[in-house]
Participant: 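Below you'll find the structure I mean.
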Amino acid sequence: MKIDIISVVPALLDSPFAHSIMKRARDKGLLEVNCINLRDHTTYARAQVDDYAFGGGAGMVMMIEPLVNAIESLQKHTSYDEIIFLTPDGETFNQQTANQLSLKNNLLLICGHYKGVDQRLRDHFITREISIGDYVLSGGELAAAVLVDAIGRLIPGVLNDETSALTDSFQDNLLAPPVYTRPVEFRTWKVPDILLSGNHARIEQWRHDQAMLRTAERRPDLLNRE
Ligand code: ADE
């Protein structure tokens, strides 16, 4: 899968994909991530990419021209399955959307800044608008990093057996059950006997029960989801 990201602060995206599972995915050739500096695509003086909002009001608006220049230059080599704008007024990102997007070949992410982007870009180029939660970040870069991480780890071959996505929280609309490792006893706190029993069927049942309990306590809304 290839993910291209258009940003005015591409340096913000240097580190999130340079380590751990994302690095492995890239090293294995399963994930390609390219960051494109929007300022390389503007024809305005001093690499300007934003301007005052028509009608007045506080805050600058990202201009359509540099963004369209960047998008169309990328489209010369790549046909995108989705052109996604990261914005707090988009659909809220969740595991189901991550699963869907992990099946695509080419994604283009556009990071917003300032007061947003000229509506005409949203009307004519953007195919999907995604928010990572009900709070406002100073730009879309961290949101883009969240998407790439959540999507990238689902690409077949990225995770090995130990890190398999199948037992993650939110797969099956359940939170993950508690986990334990050595030592068997720390201070007076013991690992539940069932996990040491070697009875795999009973352990699986216990894990499922714990996942249900945890979900009912913390996120009862998940139990009623499709
Ligand atoms: N840009 C600013 N805030 C955001 C959010 N919550 N999600 C996605 N992009 C954003």
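Owing to the predicted nature of the structure, the values given are computational and were not obtained by experimental measurement.
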Participant: For the backbone of Ser131 and the side chain of Thr92, can you confirm whether one donor and one acceptor N or O come within less than 3.5 Å of each other?
Facilitator: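 No, because the side chain of Thr92 does not come within donor-acceptor range (under 3.5 Å) of the backbone of Ser131.
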Participant: Look only at the side chain of Asp118 and the backbone of Met63, and say whether a donor-acceptor pair between them is shorter than 3.5 Å.
Facilitator: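 Answer holds: no.
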Participant: Atom CG in Leu86, atom NE2 in His113: separation rounded to 0.5 Å?
Facilitator: 10.0 Å
Participant: Say you draw a straight line from CG of Asn224 to CZ of Arg219; how long is it, rounded to the nearest 0.5 Å?
Facilitator: 11.5 Å
Participant: Tell me whether Thr78 contacts the main-chain N or O of Tyr80 through its side chain, where contact means a donor paired with an acceptor under 3.5 Å.
Facilitator: no
Participant: Decide if atom CG of Asp134 counts as having more than 12 heavy atoms of other residues, nucleotides or ligands within a radius under 6.0 Å.
Facilitator: no
Participant: Going through the distances and angles, do Ile71 and Leu121 end up as a side chain to side chain contact (heavy atoms under 4.5 Å, CB included)?
Facilitator: CA-CA 10 Å; Ile71 294 170; Leu121 186 92; 4.0 Å; yes
Participant: To the nearest 0.5 Å, how far apart are CZ in Arg153 and CG in Leu159?
Facilitator: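 The CZ atom of Arg153 sits 5.0 Å away from the CG atom of Leu159.
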Participant: List the residues meeting ring-ring contact (aromatic ring centres under 6.0 Å, His included) with Phe54, not counting sequence neighbours, and say none if there are none.
Facilitator: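 Once residues adjacent in sequence are excluded, Phe54 has no partner under the ring-ring contact (aromatic ring centres under 6.0 Å, His included) criterion.
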Participant: Under 3.5 Å, side chain of Asn34 to main-chain N/O of Asp4, donor-acceptor pair present?
Facilitator: no
Participant: Keeping Arg39 on the side-chain end and Ala47 on the backbone end, is there a donor-acceptor pair under 3.5 Å?
Facilitator: yes
Participant: State whether the number of non-hydrogen atoms from other residues, nucleotides or ligands found under 6.0 Å of Asp123 atom CG is greater than 12.
Facilitator: yes
Participant: Between Glu72 and Leu74, is the side chain to side chain contact (heavy atoms under 4.5 Å, CB included) condition met? List the steps.
Facilitator: CA-CA 5 Å; Glu72 289 185 337; Leu74 291 165; over 6 Å; no
Participant: Rounded to the nearest 0.5 Å, how far does CD1 of Ile3 lie from CG of Asn105?
Facilitator: 11.0 Å
Participant: Examine distances only and state if a side-chain atom of Lys28 and a backbone atom of Gly157 form a donor-acceptor pair shorter than 3.5 Å.
Facilitator: yes
Participant: Short question: side chain of Thr127, backbone of Glu82 - any donor-acceptor pair under 3.5 Å?
Facilitator: no
Participant: Does the Asp172 side chain pair with the main chain of Leu174, one donor and one acceptor, at a distance under 3.5 Å?
Facilitator: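 Not a single qualifying donor-acceptor pair exists.
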Participant: Rounded at 0.5 Å granularity, tell me how far SG in Cys111 sits from CG in Leu137.
Facilitator: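 Between atom SG of Cys111 and atom CG of Leu137 there are 10.5 Å.
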Participant: Nearest 0.5 angstrom please: Ile110 CD1 to Ile6 CD1, how far?
Facilitator: 4.5 Å
Participant: Is a side-chain donor-acceptor pair under 3.5 Å present for Asn99 with Ser102?
Facilitator: no
Participant: State, to 0.1 Å, how close Leu175 and Thr215 come at their nearest heavy-atom pair, and which atoms those are.
Facilitator: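 The answer is N-OG1, 2.9 Å.
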Participant: Do Arg214 and Glu217 sit within salt-bridge range, that is, some charged N less than 4.0 Å from a carboxylate O?
Facilitator: no
